[in-house]
Amino acid sequence: FPPPQAASPAWPLLILAVYAPLALAVGRRDGLLPRAWIWPPLPQLLRRGAATLLMPAFGEELLFRGLLLPHPLAGLTPLAMLPWIALSIGLFVLYHPLAGRLWYRQGRRVFDDPRFLLQCSLLGLACALAYSVTGSLWWAVLIHWLAVFLWLEPLQGRLRLRAARSEEHTSELQSPCNLVCRLLLEK
């Protein structure tokens, strides 16, 4: 993983400058993102920030950009990179509903939401472009981390995940099968 070069910040910062306002505007318009930013206490921010840097930011970027996209030094033309970028974004988007069903069940309702999947598409594109123009996975990791960290913390995505988990738990308790079982056990 080559480190970000001193001369390379212009492109990823430009990508971030286009991506961030676009993602915020689309998310607010669709009702996925609130207008107010509410910052948790600093110790929580530091702990959660470190955790989100490792996963999902580093882990997902390693998989969806680092392993899937040809390195820029491979000599592919920008046009030849398009199918690889489309594959990377498509798998990145599909990964989230799959994760919600298999190992991160608390995220299922959020990860199935078309508004969230649109945000995944925008983030995937920003990260793929950052990697493709710099050759450094770290710019993609940084953009991914900023997006997830800001969504989970001041934009209250963590509360959305908790609400989805508690709604899922409540609906499980009130399912016909659970009600019948409860009635039988009470007698």
Side-chain angles (χ1 to χ4, degrees), residues 1-40 42 44-74 76 78-79 81-82 84-96 110-111 113-158 160-161:
F1 301 103
Q5 302 294 319
S8 66
W11 280 113
L13 291 177
L14 177 62
I15 292 165
L16 184 60
V18 171
Y19 160 71
L22 177 63
L24 279 170
V26 168
R28 286 179 173 156
R29 182 202 68 205
D30 291 348
L32 183 69
L33 301 177
R35 296 217 177 270
W37 292 49
I38 301 172
W39 291 91
L42 185 60
Q44 266 184 347
L45 283 175
L46 294 174
R47 187 177 66 251
R48 291 174 177 171
T52 56
L53 181 60
L54 292 176
M55 188 64 182
F58 181 75
E60 291 179 7
E61 288 311 310
L62 179 61
L63 177 62
F64 294 107
R65 263 51 81 182
L67 296 177
L68 279 177
L69 293 179
H71 192 275
L73 294 179
L76 271 69
L79 187 60
M81 282 293 290
L82 285 179
W84 289 103
I85 289 173
L87 176 67
S88 168
I89 295 168
L91 291 175
F92 179 64
V93 171
L94 289 173
Y95 161 85
H96 287 86
V110 174
F111 289 179
D113 188 329
R115 301 170 303 171
F116 179 82
L117 296 175
L118 176 58
Q119 291 291 325
C120 288
S121 300
L122 294 173
L123 177 59
L125 178 60
C127 293
L129 291 174
Y131 176 69
S132 296
V133 299
T134 66
S136 173
L137 192 64
W138 294 113
W139 286 112
V141 169
L142 178 64
I143 291 170
H144 193 143
W145 175 76
L146 279 170
V148 172
F149 178 70
L150 292 174
W151 175 67
L152 285 174
E153 301 309 327
L155 291 171
Q156 305 153 42
R158 190 172 303 281
R160 191 176 284 273
L161 289 171

Engineer: Under the ring pair (Phe, Tyr, Trp, His ring centres under 6.0 Å) criterion, do W138 and F58 qualify, and how do the steps go?
Structural biologist: CA-CA 8 Å; W138 294 113; F58 181 75; 5.5 Å; yes
Engineer: Side chains of V133 and I15: does their closest heavy-atom pair fall under 4.5 Å?
Structural biologist: yes
Engineer: Dump the intermediate steps for side chain to side chain contact (heavy atoms under 4.5 Å, CB included) on L146 and I143, then the final yes or no.
Structural biologist: CA-CA 5 Å; L146 279 170; I143 291 170; 5.8 Å; no
Engineer: With a 4.5 Å cut-off on side-chain heavy atoms, are Q119 and L32 touching?
Structural biologist: yes
Engineer: For the backbone of R115 and the side chain of D113, can you confirm whether one donor and one acceptor N or O come within less than 3.5 Å of each other?
Structural biologist: yes
Engineer: Could you tell me if the side chain of L155 sits less than 4.5 Å from the side chain of L24, heavy atoms only?
Structural biologist: yes
Engineer: So, do L142 and P12 sit near enough that their side-chain heavy atoms are less than 4.5 Å apart?
Structural biologist: no
Engineer: Going through the distances and angles, do R29 and V26 end up as a side chain to side chain contact (heavy atoms under 4.5 Å, CB included)?
Structural biologist: CA-CA 5 Å; R29 182 202 68 205; V26 168; 4.1 Å; yes
Engineer: What's the spacing between L67 CG and S88 OG if we round to 0.5 Å?
Structural biologist: 10.5 Å
Engineer: How close do L62 and L137 get, counting heavy atoms only, and between which atoms?
Structural biologist: CA-CD2, 3.8 Å
Engineer: Do you know which two heavy atoms are closest between S132 and P72, and how far apart they sit?
Structural biologist: O-CG, 3.1 Å
Engineer: In sequence, state the C-alpha distance, the side-chain angles, and the governing distance for E153 and W37, and then conclude on side chain to side chain contact (heavy atoms under 4.5 Å, CB included).
Structural biologist: CA-CA 8 Å; E153 301 309 327; W37 292 49; over 6 Å; no
Engineer: Rounded to the nearest 0.5 Å, how far does CG of L117 lie from OH of Y95?
Structural biologist: 13.5 Å
Engineer: I want to check something: taking the side chain as every heavy atom from C-beta on, are L123 and F92 in contact at a cut-off of under 4.5 Å?
Structural biologist: yes
Engineer: Taking all heavy atoms of Y131 and all of G66, pick out the closest pair and write down the distance.
Structural biologist: OH-O, 4.4 Å
Engineer: Do you know the tightest heavy-atom contact between C120 and H96?
Structural biologist: SG-ND1, 3.7 Å
Engineer: A side-chain contact here means heavy atoms from C-beta on lying under 4.5 Å apart; do V141 and H144 qualify?
Structural biologist: no
Engineer: Decide yes or no for L53 and F149: does some side-chain heavy atom of the first lie under 4.5 Å from some side-chain heavy atom of the second?
Structural biologist: no
Engineer: Supply the atom-to-atom distance L122 CG to L118 CG, rounded to the nearest 0.5 angstrom.
Structural biologist: 5.0 Å
Engineer: Taking all non-hydrogen atoms of both residues, which atom of C127 and which atom of R65 are closest, and how far apart?
Structural biologist: CB-NE, 3.7 Å
Engineer: Any side-chain heavy atom of L63 within less than 4.5 Å of one from L68?
Structural biologist: no
Engineer: Would you call the rings of F116 and W151 parallel, tilted or perpendicular, taking 30° and 60° as the class edges?
Structural biologist: tilted
